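What follows is one structure encoded as structure tokens, with my remarks underneath.
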Amino acid sequence: MIRPPSDPQEPHVALVEEWNASEQHHKVVVQHVNIQGLGRTKEDLLGYEISDVFNAKNLIDVMKKAHIARQRLLRLGIFKEVEVLIDTSEGADALPNGLDVTFEVNEIKRLTGSYNTMVGNNEGSMVLGLKLPNMIGRAEKLTFQFSYGTKETSYGLSFFKPQPGYFERNLTLNMYKVTGQFPWSSLKETDRGVSAEFNFPVGPTSHMLKWEGVWRELGCLARSASFAVREESGHSLKSALSHTMSIDSRNSAIFPSSGALLRINQELAGFTGGDASFFKEDFELQLNRRLFWDSVLSASLWGGMLFPIEGKPSCIADRFYLGGPTSVRGFGMYSIGPQSEGDYLGGEAYWAGGLHLYTPLPFRPGRGGFGDLFRTHFFLNAGNLCNLNYGEGPRAHLQKLAECIRWSYGAGIVLRLGNIARLELNYCIPMGVQSGDRICDGVQFGAGIRFL
Amino acid sequence: MSLAAEAFVSQMAAAEPWPENATLYQPLKEDQILLSDSASSLAVQTYLRMCGLPVQVVCRPNAEYMSPSGKIPFIHVGNQVVSELGPIVQFSKAKGHSLSDGLDDVQRAEMKAYMELVNNMLLTAELFIQWCDEATVSQITRHRYGTPYSWPLNLILAYQKQWEVRRKMNAVGWGGKTVDQVYEDVSQCCQALSQRLGTQPYFFKIPTELDALVFGHLFTILTTQLTNTELLERVRSYSNLLSFCRRIEQTYFESQKAGGAPSP
């Protein structure tokens, strides 16, 4: 009986009893592939994931294909554990070189719940989460999250359905209410919406098509909000279609040392109903390259433009914002660009670029363990944000974006949190500051998922 | 407004004179504005004309949400935003313009009492007829209130406002009333005002904010088309109130027609 390696870190370990090495290259035929331990999962869903095992020609091939099939079963998110058993076939129709492959699976519980309390930003809240994985047996997932806070409540319901046999093509339906407070604009926003999202890969790229209908309610955060923000208060309905294309060849999301990321997003609002009417385009590009001595050079470029349609002015909730520890460092959070009485109104076009050099900590303390989560980094950031007058033409627009560029440079330490987030502590020197911008020169702390 | 906020506003207001570019915001006149809001807005406009303070009227579909208290109208003067007639009167008083300075304490108390009567009776009756009378709500109000928005937001907002006003009516004890009872209340209020006015040109020797408030409500009722003319007839039956409205309209609105000021 052979058990293929279940731990991908140790591909060379295999338990072999009574088979000598030459037997590994004998031709074998996989006669049966079984799955045991199924409860509510429908078998036809799994057939696609394991069908490749039948094509194996020799023992090594069987082990490799069984390993790949196991990974595919695990990525469906419906099994706690999958074990593979390869045995000689038995029974009346057993061939002398026949094999039976059996996947022993352990399904996830039907309902999982979580309960957290969160404290932050002068508000405490209680968050309740419910998840029903593999609801009807074909890897569908229903999630519900409810957050009850001292100031605001928000909730979201989400249904995920992958295409059987083609997990990367999936559909998600969402219904949500979220609230947000934006002190840099003295604005608070409540969104109630529904959305339908369809993801599909095309070659190396992955695409997402989404329709979203949102009822937006804007209000002033304080009585002292500027009149320009007060004028934006009220209700509006946005019905928008958007498309995102992304290619990611980086070897890691947080500290990549090679590869590139390109993400382009388009959004068209207004042709499917609603009050908001605009076309929005934005892109993100990141290139990484390893240099001498374990250091990595990383360059990134972001940009976007918003074109209001039918002459309606753009809404403060749709415009772009720039500045802060996650974009142009050295400036206050979203505190660059057009403003009125200290409230930042955002802009209809922006660009931002960064050049970073990441090196391991000097003298490499804690090497191989905790120290690997840190990097020192030296950065140069630049960007600009402005409104456009659409009568002027594209050359005038580009010229406007090239005037009065804000930029900054500095150095700091970055810490990786899990595989999604990072913390930064930087010393920044902002330059090119225009009147109205708020700067944060000296030490700046930042936490987040997406950094320039 | 709380006492502290009032004191703060007074202090800020006293610092500067009334500017030329003061603006008054209300919902869209043609399609959106409702009877009660139109009446309140006209009352404020009349008061400011009586004081001789220039103000420009701007119509915005989101005026109700722009207002700091959620009520129409509100004025934007210099850096400050003040809503509703009461606070606006205080605000202009802090800048040195007042109509009721010539009154003694007894008269001022009487004026306040009559203003309370108008607010509690006339304004509440207007809100009731707009939002709680099924015929008016379905034919006029819901449609007008949702005009600036697209489907389905126009329905959601109209129903939300209707529930809010109905809750308020229940809270002040008007929830169980019928429309006829409300018309009776309006008649009684008009009778009290008519008796107080008598044959005088204004309620007191000089025009005060009470005149502005009464004019705002009565003129709007007389010139707004509802599903039936019941409300209009009830007000029209008091001839001295009719001539009062005509007098104020001629004095403060038509006389400035040559100057290009819009009529209410």
Side-chain angles (χ1 to χ4, degrees), chain A residues 175 177 179 185-194 211-240 268-278 309-318 339-343 345, chain B residues 1-2 4-9 11-13 19 21-28 32 37 56 58-84 87 91 145-161 164:
Chain A
M175 198 171 81
K177 173 197 166 197
T179 52
S185 305
S186 295
L187 186 73
K188 69 173 188 249
E189 179 176 345
T190 303
D191 286 352
R192 297 169 180 87
V194 296
W211 172 81
E212 189 178 22
V214 191
W215 163 19
R216 287 192 299 215
E217 187 182 337
L218 295 171
C220 298
L221 199 53
R223 213 180 182 291
S224 54
S226 67
F227 200 72
V229 169
R230 196 174 274 285
E231 283 182 312
E232 303 257 12
S233 312
H235 298 257
S236 66
L237 189 66
K238 178 178 94 157
S239 163
L268 178 65
F271 284 90
T272 44
D275 307 313
S277 204
F278 60 82
I309 304 179
E310 291 170 14
K312 282 189 219 171
S314 57
C315 175
I316 197 172
D318 296 318
Q339 54 97 19
S340 161
E341 296 168 42
D343 292 334
L345 308 173
Chain B
M1 268 166 76
S2 68
E6 270 182 39
F8 178 72
V9 167
Q11 217 175 11
M12 295 291 294
N21 62 350
T23 343
L24 180 141
Y25 289 88
Q26 65 171 35
L28 303 175
Q32 188 191 14
D37 291 338
Q56 214 186 348
V58 172
C59 296
R60 288 283 170 90
N62 60 338
E64 184 183 347
Y65 306 106
M66 282 167 69
S67 163
S69 68
K71 301 256 173 57
I72 301 295
F74 71 93
I75 55 172
H76 180 215
V77 177
N79 264 351
Q80 302 215 270
V81 179
V82 191
S83 63
E84 296 180 79
F91 182 75
Y145 192 75
T147 329
Y149 306 104
S150 47
W151 186 91
L153 193 58
N154 54 354
L155 294 175
I156 297 175
L157 290 178
Y159 277 100
Q160 207 178 41
K161 180 78 181 178
E164 189 191 316

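In what follows, every chain begins at residue 1, and chains take the letters A, B, ... in the order their sequences are listed. Everything numeric here is computed off the predicted structure, so don't read it as measured data.
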Take atom CD in B/Q56; do more than 12 heavy atoms of anything else shown fall under 6.0 Å from it? no

Do B/V81 and A/F227 come within less than 4.5 Å of each other through their side chains, counting heavy atoms only? yes

Option in A/S233, A/G234, A/S224, A/G219 with maximal non-hydrogen atom pairs under 4.5 Å from chain B: A/S233

Rounded to the nearest 0.5 Å, how far apart are OH of B/Y65 and CG of A/L218? 12.0 Å

Per-residue contact mode, A/E217 against chain B (heavy atom under 4.5 angstrom): neither

Value rounded to 0.5 Å, distance of CZ in A/R230 from CZ in B/F74: 7.0 Å

Distance-only donor-acceptor pairs under 3.5 Å for side chains of residues 154-161 of chain B, two or more places apart:
residue : atom : partner : partner atom : Å
B/Y159  : OH   : B/R142  : NH1          : 3.1
B/K161  : NZ   : B/E64   : OE2          : 3.0

Spacing of B/L153 atom CG and A/K238 atom NZ [to the nearest 0.5 Å]: 14.5 Å

Counting distance only, does the side-chain N/O of B/N62 pair as donor-acceptor with the main-chain N or O of A/E231 below 3.5 Å? yes

Residue part contacting chain A, namely of B/P152, when any heavy atom lies under 4.5 Å: both

Sequence neighbours left out, what passes ring-ring contact (aromatic ring centres under 6.0 Å, His included) with A/F278? Give chain and number order. none

Interface moiety of A/S226 toward chain B, non-hydrogen atoms closer than 4.5 Å: neither

Chain A contacts, top residue of B/S150, B/S67, B/A63 (heavy-atom pairs, under 4.5 Å): B/S150

